[in-house]
Asks: 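What follows is a structure written as structure tokens; I'll ask about it next.
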Amino acid sequence: MKELAKTYSPADFEEKIYSNWCEKGYFTPKIDKSRPHYSIVIPPPNITGQLHMGHALDNTLQDILIRYKRMCGYCTLWVPGTDHASIATEAKIVEAMRKEGLTKDDVGRDGFLKRAWAWKEQYGGRIISQLKKLGSSCDWTRERFTMDEGCSDAVKEVFVRLYNNGLIYRGERIINWCPHCLTSISDAEVEYEEQDGHFWHIKYPFKDGSGYLEFATTRPETMLGDTAVAVNPKDERYKDIVGKTLIVPLVNREIPVVADEYVEMDFGTGVVKITPAHDPNDFEVGKRHNLPVINVMTPDAKITDDYPKYAGMDRYEARKAIVKDLKEQGYLIKVEDYRHNVGTCYRCGTTVEPRVSLQWFVKMEPLAKPAIEAVRNGDIKFVPERFDKNYFHWMENIRDWCISRQLWWGHRIPAFYCDDCGEITVSKDAEVFCPKCGKKMRQDPDTLDTWFSSALWPFSTLGWPKKTEDLDYFYPTNTLVTGYDIITFWVSRMIFSGLEYMGKKPFDTVLIHGLVRDSLGRKMSKSLGNGIDPLLIIDKYGADALRFALATGNSPGNDMRFSDEKIEAARNFANKLWNAARFVMMHLDIEKVELPEESELAIQDKWILQKLNELIKSVRSSLDSYEIGIALSEIYDFVWDIFCDWYIELSKTTLSEKGTKANLVSQNVITYVLENILKLLHPFMPFITEEIYLSLPHFESSESIMISTYPEFDITLDFSGECEIMERVIDTIKAVRVRRTEMNVPPSRKAKIFIVTSYPDSFNDSTFDFFKRLASASEAQVVSEYTGANAVQIITHAATVYIPMAEIVDIEKEKARLNGELEKVNSEILRIEKKLANEEFVKKAPAAVVEGEKAKLFKYESTKKGILDAINSL
RNA sequence: GGAAGCAUAGCUCAGUUGGGAGAGCAUCUGCCCUACAAGCAGAGGGUCAUAGGUUCGAGCCCUAUUGUUUCCACCA
């Protein structure tokens, strides 16, 4: 037996314990088809990332579930890995090169990818080692990367299949373009934010000289690409001008007035300028009216050379210049302040520029249908349920997914073009020759959206498209744990992907958690500088404390705040447990723990065993329903309030009286209970529970708590009667303490107590010791009637306790106090009597509730009787 | 514009089939009582946002209102 250090100092053992687990291979499952599996795939963190609180929460929850299920006997797999994060990583490499004075074009595609891989090798493992510090029990032998060989093969396989099924197509569409990242991005990757802008009221002259048409725009610079002006066909005001021709000032282009339903009559002047190349709605209008699409901007959002006066100006400079020119030429009517939503790139925050270009798309509707159905029919469950509304809304209104990116870091699109005959082929091969003319084909230079590979994660990591044992056994996975912020990006895409390629859902439950905010409720962000580094927290307080702080008081789907108070409370709890274990250890001389025969158990033992059994039942049921925070606080309450504050105190006498039978029983029971506490707590706080467990080599297997069995509810155990006996004692001790405190009697001043009771099984030699040590009694004695000197009287439902302390008893005050108590009890009695007199209540309420009320009434009646006797005796 | 969450003690939050309101922190009082002052024993503090409704019974279910946060749409 080794000794525990005097204070809880997690840094001393966390790392050592973790590497021991790894060495023993506990995280790697041995596939056993006779056992049920439980598997989770990690939401792969970006290789650019550093562990932040969001990761810490996400992975703490996963580890709790995994460790719980592992201890429950499931064959358990948690697949770890990282995501290549194409835009984010590419941006970092570009930035690093910029510092060297290099651009992408300077180094070329191959040179760039070399740098990217080197970067991945250098930093990609950083977050993995951070996950280990947290205690994550991932199977590191199965670690994956979205761009490793297998995952890349899965990506190509999917692309080819979807293409052959007509679900991937290439087309010229208006897409969201980031002028900073120089790539297309999907609808999901656009973030809208309110910005202060202006409404410029402008007029265009009619060609025939019959005046002007007025309208307003937030983006005057796009007028260079205007190819129409639209009004609503039902708008009486403009009925006569539909079909007339306008002249676009500055460019002198002739454009028609068209009628289109898209225009809202009562917004602004009811007239909209149409720029098909630079606005998605205008693009649609343009298609309906066969309008030309005139692109006026370069990829980095500068005006093209077609407009020499503005060429090379970026969109905002051009806006100023054009407004100035319009004003000078008399076309600007007025300018209003206007606050409106502007789409920005979710990676760099640059205002998105809608742009017409040739891109690859996934046809979503046929894929979305079964994915919606799987959630609707309960095949896949969101926890909490309300998130299915989010999901349905997104999936039911889904538009085709733009998957091509003008980036180099990522999965290159497996499409090939023949420069001679224009043939297009899609293939997994690295080199492809034109099926028509035999010429070597040119591969599409673009890469795929990062989320395209993430969508395959639950099965690509298990080996798909190969038929592997892992895939066969562990798929579908069980629980997916993630934040609500990526349901659309990721969860929805995994669902339709799993259904489409595997023919099976990827997981059965999606456990959604919220964001970790700072102590003021703000999002943690780099720009605010309010981020809390989980690694610093681990260094200072330990990984267990961090995990506890994240898991407790947190309910599914809700954001939580992180604060010093929380982490300190968590650390204090760890310290409490630590010291409780130290206390137990310093009283042990047994070699092995065996639960004594029922007949040998003391009353307090039966009480704690009953309480423990109840705890086991409710913790398991909370965990089974993903109520992780509740499960943890149940354990917390048990450890602190029941085990430490009461059971340890109750056991001190028997534990210290060596050489007796009672002592052996006590040692065995307290160690047994502690062992169960450690096991119950292990999924939440793996390190401290292991450290203590290994320090107490009395348990059934002390190799590691990780591979021990999670405590099971014992249906045959029933000490509820003994529990009542014990609780009468506890209630009475508490009442004595309250009275003593009220009367300012210091604990050091002991006094003899006399007990009048009708419960001799609660108050006798076996419990008097408790009163001596926990209620400052110098001696305790049961009497049929108290006849001594003036005494302080303490009345409970179980007994009346007399403490003769004549000098501090003020008869008048005592009378007043007792009358006050009587009043309270009477009102309670009245309330219950009224309730029980209500026929409807007795008839309709469940029997247990009615019985409960009756029991309470009985207790109050007993208390009342005690009070009345006390008043009479004064 | 559409949808959802939240509103409970001074602060931060739990409270899952509807059955007498809880924790942590903070505050106050008293304690170094053979594990723990990162502790022990106590205390105070709540018309559970407001107004209706359903029910024998509502913090919990329904309706409306107010405040607040978020997601989606993107009306130029």
Side-chain angles (χ1 to χ4, degrees), chain A residues 4 6-8 190 192 199 215-219 222 229-230 262-264 266-275 279-282 285 340-343 384 386-387 389-390 392-394 397 484-485 487-488 514-515 519 521 541 552-555 557-566 568-587 622 625 627 629-630 633 636-637 640-641 644-645 648-649 652 656 734 737-742 744-748 773-776 828 831-832 835 838-846 848-850 852-853 856:
Chain A
L4 291 178
K6 286 222 164 70
T7 49
Y8 166 65
V190 177
Y192 288 89
F199 227 2
F215 55 87
T217 178
T218 54
R219 303 199 51 199
T222 61
V229 165
Y262 155 67
V263 182
E264 301 271 339
D266 35 6
F267 186 84
T269 56
V271 181
V272 184
K273 73 185 204 55
I274 300 298
T275 320
D279 182 280
N281 291 306
D282 292 8
V285 175
H340 61 138
N341 270 337
V342 177
R386 64 184 138 93
F387 286 99
K389 287 204 179 102
N390 251 347
F392 289 140
H393 186 259
W394 167 259
N397 298 287
Y484 58 70
D485 48 335
I487 294 176
T488 49
L515 269 34
S519 61
Y541 298 97
T552 196
N554 187 0
S555 51
N558 292 335
D559 289 354
M560 67 174 306
R561 298 187 193 201
F562 195 86
S563 61
D564 288 346
E565 291 84 59
K566 245 175 214 168
E568 275 169 22
R571 187 267 322 264
N572 292 354
F573 174 65
N575 191 57
K576 185 74 183 176
L577 177 68
W578 185 262
N579 279 294
R582 278 183 58 224
F583 173 83
V584 171
M585 283 180 66
M586 60 182 63
H587 289 89
S622 295
S625 53
E627 293 291 354
I630 291 176
S633 69
Y636 176 96
D637 290 344
W640 205 306
D641 301 340
C644 292
D645 289 351
I648 284 184
E649 294 303 329
K652 275 182 176 170
S656 57
K734 280 183 178 171
R737 285 171 177 172
V738 170
R739 284 297 289 137
R740 289 182 60 107
T741 307
E742 272 173 11
N744 284 320
V745 185
S748 53
R773 286 186 299 106
L774 307 177
S776 301
E828 292 298 323
R831 192 184 56 75
I832 296 175
K835 209 169 183 179
N838 182 338
E839 279 179 35
E840 293 295 310
F841 172 73
V842 177
K843 204 162 60 183
K844 293 182 181 169
V849 173
V850 178
E853 292 296 322
K856 275 187 239 164

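Lettering of chains follows the sequences in order, A, B, ..., and the numbering in each one begins at 1.
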Asks: What's A:Val738 touching, base or sugar-phosphate or nothing? Going by heavy atoms closer than 4.0 Å.
Replies: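 Sugar-phosphate, no base atom in range.
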
Asks: Does the protein touch nucleotides 35-40 of chain B at the base, only the backbone, or not at all? Give it as B, S and - per nucleotide, heavy atoms under 4.0 Å.
Replies: BB-BSS

Asks: In the structure I gave you, are the side-chain heavy atoms of A:Tyr192 and A:Val342 within less than 4.5 Å of one another anywhere?
Replies: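 No; the side chains remain at least 4.5 Å from each other.
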
Asks: Which part of the nucleic acid, if any, lies within reach of A:Asn838 when heavy atoms closer than 4.0 Å are counted: base, sugar-phosphate only, or nothing?
Replies: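 Sugar-phosphate, backbone atoms only, no base.
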
Asks: Using whole Å, report how far OH of A:Tyr636 lies from C1' of B:G24.
Replies: 6 Å

Asks: Kindly indicate whether the side chain of A:Val272, heavy atoms from C-beta on, has any atom under 4.5 Å from the side chain of A:Phe215.
Replies: no

Asks: Starting at NZ of A:Lys843 and ending at C1' of B:G19, how long is that distance when rounded to a whole Å?
Replies: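 In whole Å, B:G19 C1' lies 18 Å from A:Lys843 NZ.
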
Asks: With nearest nucleotide decided by heavy atoms, which residue, A:Thr488 or A:Asp641, maps closer to the 5′ end of RNA chain B?
Replies: A:Asp641

Asks: Is it the case that A:Lys652 places NZ or CZ above or below the six-membered ring of A:Phe583, under 6.0 angstrom from the centre and within 45 degrees of the axis?
Replies: yes

Asks: Measure CG/A:Asn341 against P/B:G2 and give the value in whole Å, please.
Replies: 15 Å

Asks: In whole angstrom, what separates A:Asn397's CG from B:C74's C1'?
Replies: 14 Å

Asks: Name the nucleic acid region contacted by A:Gly553, choosing base, sugar-phosphate or nothing; use a 4.0 angstrom heavy-atom cut-off, strictly under.
Replies: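 Sugar-phosphate: the residue A:Gly553, judged by heavy atoms under 4.0 Å, touches backbone atoms but no base.
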
Asks: Consider the side chain of A:Trp394, meaning its heavy atoms from C-beta on, and name the nucleotide among B:A73, B:C33, B:G5 that approaches it most closely.
Replies: B:A73

Asks: Whom does B:G59 pair with, Watson-Crick or G-U wobble, provided both distances fall under 3.5 Å?
Replies: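 With both distances under 3.5 Å required, B:G59 matches none.
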
Asks: Within the structure, does a side-chain N or O atom of A:Ser555 lie under 4.0 Å from either OP1 or OP2 of B:A14?
Replies: yes

Asks: What is the distance, rounded to the nearest whole Å, between atom CE of A:Met560 and atom C1' of B:C13?
Replies: 9 Å

Asks: Is there a donor in the side chain of A:Tyr541 and an acceptor in the side chain of A:Asp564, or the other way round, less than 3.5 Å apart?
Replies: no

Asks: Quick check for you: among B:C56, B:C33, B:A76, whose closest atom lies nearest to any side-chain atom of A:Lys844?
Replies: B:C56

Asks: Taking for each residue the nucleotide of RNA chain B bearing the nearest heavy atom, is the 5' side occupied by A:Asp559 or by A:Ala845?
Replies: A:Asp559

Asks: Whole angstroms only, please: what is the OH-P distance between A:Tyr192 and B:A76?
Replies: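 Rounded to the whole Å, the gap is 11 Å.
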
Asks: Do the side chains of A:Trp578 and A:Thr7 get nearer than 4.5 Å, heavy atoms only?
Replies: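 They are not in side-chain contact.
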
Asks: For B:G22, what is the paired nucleotide under Watson-Crick or G-U wobble rules, both distances under 3.5 Å?
Replies: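 For B:G22, the partner nucleotide comes out as B:C13, under the 3.5 Å rule.
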
Asks: What's the closest nucleotide to the side chain of A:Glu565 if the choices are B:G5, B:C56, B:C25?
Replies: B:C25

Asks: For A:Leu774, answer base if it contacts any base atom (sugar-phosphate contacts may also be present), sugar-phosphate if it contacts only those atoms, and nothing otherwise; contact means non-hydrogen atoms under 4.0 Å.
Replies: nothing

Asks: Have a look at A:Ser633 and say if it touches a base, only the backbone sugar-phosphate, or nothing, with a 4.0 Å heavy-atom cut-off.
Replies: nothing

Asks: Give A:Asp485 one of three labels, base, sugar-phosphate or nothing, depending on what nucleic acid heavy atoms sit under 4.0 Å from its own.
Replies: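 No contact.
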
Asks: Salt-bridge test for A:Glu853 and A:Lys856: reply yes if a basic N is under 4.0 Å from a carboxylate O, no otherwise.
Replies: yes

Asks: Measure the distance from CZ on A:Phe841 to C1' on B:G57 and round it to the nearest whole Å.
Replies: 8 Å

Asks: Round to a whole Å and report the spacing from OH of A:Tyr484 to P of B:U69.
Replies: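 So the two atoms are 13 Å apart, to the nearest Å.
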
Asks: Quick one: label A:Phe215 by what it contacts on the DNA or RNA (base, sugar-phosphate, nothing), any heavy atom closer than 4.0 Å.
Replies: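 It contacts nothing in the nucleic acid.
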
Asks: Identify whether any heavy atom of A:Thr218 sits under 4.0 Å from a base atom; if not, whether one sits that close to sugar-phosphate; answer base, sugar-phosphate or nothing.
Replies: sugar-phosphate

Asks: Any salt bridge between A:Glu840 and A:Lys844, counting N to O under 4.0 Å?
Replies: yes

Asks: Under 4.0 Å between any heavy atoms, over every strand shown, what does A:Pro846 touch: base, sugar-phosphate, or nothing? Just pick one.
Replies: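 Base, at least one base heavy atom under 4.0 Å.
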
Asks: Hey, does A:Ile487 reach any base, or is it just sugar-phosphate, or nothing, if we go heavy atoms under 4.0 Å?
Replies: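 Contact class for A:Ile487: none.
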
Asks: B:U12, OP1 or OP2 - any side-chain N/O from A:Asn554 closer than 4.0 Å?
Replies: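 The answer is no; no side-chain N or O of A:Asn554 sits under 4.0 Å from OP1 or OP2.
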
